[in-house]
Amino acid sequence: MTVRTRFAPSPTGYLHVGGVRTALFAWVIAKKNNGKFILRIEDTDKNREVAGSIDHIMKSLSWLGIKWDEGPDTSNYLGPYLQSERLPIYKTWAEKLISKDLAYSDPYTTAQLDEFRQKAITNKKPFLFRDHRPKNPTTWDGSTALRLKSAPKIYTWHDAVMGNMQAGDSAIDDFILIKSDGYPTYNFAHIIDDYLMEITHVIRSQEFISSIPRYLNLYEALGLAPPIIATLPYVMGPDGKKKLSKRDGAKDVLDYQALGYLPEAIINFLATLGWNDGTEQEIFSIDEIINKFELSRVQNSGAVFDEKRLLWMNGSWIRSLDLDDLYQRSDKFWPESANNADEQYKKKVLSLVQERLKYLAEIPQLTNFFFADQKVDPSLINDNKYLSKLEKSELKNILSQARIELEACDFSSVDLTRRLNQLLESLKLKPAVLFSLVRVATTQAPASPALVESLAVIGKELSLKRIDQQLSALS
RNA sequence: GGCCCCUUCGUCUAGUGGUUCAGGAUAUCUGGUUCUCAUCCAGAAGAUCGCGGGUUCGAAUCCCGCAGGGGUCACCA
């Protein structure tokens, strides 16, 4: 049997990392088993729907390389994949239940329901609709909610992540199948869809765990065999107690794209948030994850989303890229000053900052001085612990000597190193003094790659020009 | 309140009765790599394995109880 998994978001906004991890694990299971991954949109709540969400969700998944084999934009193998386009299907299945006397029309108003609920809370009892099940319900005409006539019992089941589970019969109730607006509830629609779309593994997050007995009850009523169930623990917010939410500042996945995070890093990070292969490996390629992933090795407890760890992992992935690849990915991140620079030059710059990058949006601040005219910044000397101790005249003298030496230099790394070292000896200077001074003069930046490499890239003409500017500023 | 889930360094985790008075990673700190930033390397600090009983020669690992945290009890998913 072909393994088929699905990710079924509701289009209520952007996708954040917590949601993406659920999609990732479902996708990985499908890929691992040469199966299919289905994207289904659960748009059964018109009130919560946010325009543009579907497109945004698809963009997010696409960027990460989580490709769906079937979805709203593919041919309709077992679609449509938008629940709002499947209303007749749900109605047909609802009628099957009605004909078996397993569903009935809900006669109560919301005010009455609230009253029942309030009473249950006051009595410190769980609210169970079935305690109020009407004796002679009217024929359902679609204008009221349709409820399942549940069969309460104790359920035990196996969860591919959590293991063996059990729940008491108070977990079973007459939940709503079709709302009075004609749309199905999630509880009903997803079961029908998972069956019709031949889903073999239902992978979703923890908040559904207490609903599972109700789903099992519905499967029985429908005469369907339940799929393999896998419940993922939460991705936690910073406090480590509650699941990560947009309120905690959980970013849109596409925000990470804009900051220059690599999809490989996001996936690596998310996969190892709650999963590991039992070895001490931390960095996994997407293929390795697909090969090694096991639901049974997924953690049962929630894991805090730690941006710092993600940052480290992203830097690690950036460092592992070869230069051409990094160059391609950097395309949209260059500072304006680099607009006229050629590819060759930009690649040289990139090779110098590669190991310094944690995310690609840092490129402008790290590379601007390679491209733009720099103004002399006196604080760079005044705040430097070596240079601030020297008189201006001394600095000027040292820099003038350096200028003479660089004037004669061919600006190859070898010649730069040789001449700067000679100068250290002849002037009896510490590297901390000479190198700092030349670095400050030629970059006018608080930090830069190593001096010799930087000079070699900046070039003779520009380096000398900047030294001259520094010299006149010291006068 | 009922039902259910969870609990190892700050964080992600290894660990399924004995070679673990708990290993790795990250974060932090220190030192080194001719200057800065970063990388890299070396090192430090950091978890009485939620608590209390029990079983056992021996428990983070098995059993019981408790506590803390979380979920759910919607015409939301």
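Only heavy atoms go into these numbers, but all of them, side chains included; no hydrogens, no water, no symmetry mates. Quick note on labels: first sequence line is chain A, next is B, and so on, each numbered from 1.
- For the P atoms, the distance linking B/U20 with B/C64 amounts to 30 Å, nearest Å.
- Comparing B/U39, B/A77, B/G70 against the side chain of A/Lys242 picks out B/G70 as the nearest.
- Residue A/Asn421 is classed as a base contact, given a heavy-atom separation below 4.0 Å to a base.
- Here the side chain of A/Tyr108 pairs a donor or acceptor atom with the backbone of A/His132 at under 3.5 angstrom.
- Of the possible donor and acceptor atoms, none in the side chain of A/Ser316 sits under 3.5 Å from a partner among the backbone N and O of A/Trp312.
- The backbone N or O of A/Thr109 sits less than 3.5 Å from a side-chain atom of A/Gln112, completing a donor-acceptor pair.
- When the nucleotides B/C75, B/C37, B/C12 are ranked by their closest atom to the side chain of A/Ala145, B/C75 comes out on top.
- Take A/Asp141 and apply the side-chain contact (heavy atoms from CB on, under 4.5 Å) test, not counting sequence neighbours, and it matches A/Ser143.
- Closest to the side chain of A/Thr110, from the set B/G1, B/C35, B/C75, is B/C75.
- When rounded to the nearest whole Å, the span between CG of A/Leu451 and P of B/C37 equals 14 Å.
- Listed nucleotides: B/U26, B/U36, B/A77. Nearest to the side chain of A/Glu42: B/A77.
- In the interface, the side chain of A/Ser180 is paired with the base of B/C75 through a donor and an acceptor atom under 3.5 Å apart.
- The interatomic distance linking A/Leu390 (CG) with B/C35 (P) rounds to 16 Å, in whole Å.
- Put simply, CZ on A/Arg48 is 11 Å from C1' on B/A74, counting in whole angstrom units.
- One finds a side-chain N or O of A/Arg319 lying less than 4.0 angstrom from the OP1 or OP2 phosphate oxygen of B/C40.
- Checked against B/G24, B/C75, B/A74, the side chain of A/Phe127 finds its nearest nucleotide in B/A74.
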message: Across nucleotides 3-9 of chain B, 5' to 3', mark each nucleotide with B, S or - according to how protein heavy atoms within less than 4.0 Å reach it.
response: SSSSS--
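- Phosphate contact (OP1/OP2 of B/A74, side-chain N/O of A/Arg117, threshold under 4.0 Å): present.
- Comparing B/G50 with B/A67, their C1' atoms sit 8 Å apart, to the nearest whole Å.
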message: Could you go through A/Tyr14 and A/Ile57, starting from their C-alpha distance and side-chain angles, then the distance that decides it, and tell me whether this counts as side chain to side chain contact (heavy atoms under 4.5 Å, CB included)?
response: CA-CA 6 Å; A/Tyr14 64 80; A/Ile57 288 166; over 6 Å; no
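- Not a single donor-acceptor pair, N or O on each side, falls under 3.5 Å between the base of B/U36 and the side chain of A/Asn384.
- Here A/Tyr234 lies in heavy-atom contact (under 4.0 Å) with sugar-phosphate atoms only.
- In this structure, A/Arg297 does not reach the B/U16 phosphate: none of its side-chain N or O atoms is under 4.0 Å from OP1 or OP2.
- If you take atom C1' in B/C6 and the same atom in B/U55, they sit 25 Å apart, rounded to whole Å.
- Checked against B/G10, B/G71, B/U34, the side chain of A/Asp306 finds its nearest nucleotide in B/G10.
- Look at the P atom in both B/U72 and B/G54: the space between them is 38 Å, to the nearest Å.
- Using P as the reference atom, B/C63 and B/C5 are 14 Å apart when rounded to the nearest Å.
- The NZ atom of A/Lys241 sits 15 Å away from the C1' atom of B/G10 (whole-angstrom rounding).
- Between the side chain of A/Asp159 and the backbone N or O of A/Thr231 there is at least one donor-acceptor pair closer than 3.5 Å.
- Comparing B/G2, B/A77, B/A27 by their nearest atom to the side chain of A/Lys308 picks out B/A27.
- Among the atoms of the strands shown, none is found under 4.0 Å from any heavy atom of A/Ser454.
- The side chain of A/Thr44 places an N or O atom within less than 4.0 Å of a non-bridging phosphate oxygen (OP1 or OP2) of B/A77.
- Rounded to whole Å, the separation between the C1' atoms of B/G23 and B/C49 comes to 13 Å.
- Nearest nucleotide to the A/Asn276 side chain, out of B/U36, B/A25, B/U13: B/U13.
- Straight-line distance between the C1' atoms of B/G24 and B/A59: roughly 23 Å, to the nearest whole Å.
- Checking the phosphate oxygens (OP1, OP2) of B/A77, a side-chain nitrogen or oxygen of A/Lys179 falls inside 4.0 Å.
- Following rounding to the nearest Å, A/Lys292 (NZ) and B/A14 (C1') show an atom-to-atom distance of 15 Å.
- Heavy atoms of A/Gly274 sit under 4.0 angstrom from primed sugar atoms or phosphate atoms, though from no base atom.
- Of the possible donor and acceptor atoms, one in the side chain of A/Arg297 sits under 3.5 Å from a partner among the backbone N and O of A/Asn276.
- Considering only the side chain of A/Ala447, B/C37 comes nearest among B/A25, B/C37, B/U39.
- For A/Pro126, taking side-chain heavy atoms from C-beta onward, the closest of the listed nucleotides B/C73, B/G23, B/A77 is B/C73.
- Separating the P atom of B/C21 from that of B/U48 is a span of 15 Å, rounded to the nearest Å.
- Proximity of A/Arg147 to the phosphate of B/C75: a side-chain N or O atom is located under 4.0 Å from OP1 or OP2.
- Salt-bridge formation is not detected for the pair A/Arg6/A/Asp193: no Lys NZ or Arg NE/NH1/NH2 atom is positioned less than 4.0 Å from an Asp or Glu carboxylate oxygen.
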Show me the side-chain donor-acceptor pairs of residues 47-54 of chain A shorter than 3.5 Å, one per line, residues at least two apart or across chains.
from, atom 1, to, atom 2, distance (Å)
A/Ser53, OG, A/Pro11, O, 3.2
A/Ser53, OG, A/Gly13, N, 3.0
A/Ser53, OG, A/Val50, O, 2.6

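- A/Thr144 and A/Asp106 form no side-chain donor-acceptor contact under 3.5 Å, judged by distance and modelled atom types alone.
- The residue A/Lys243 sits apart from the nucleic acid: no heavy atom pair falls under 4.0 Å.
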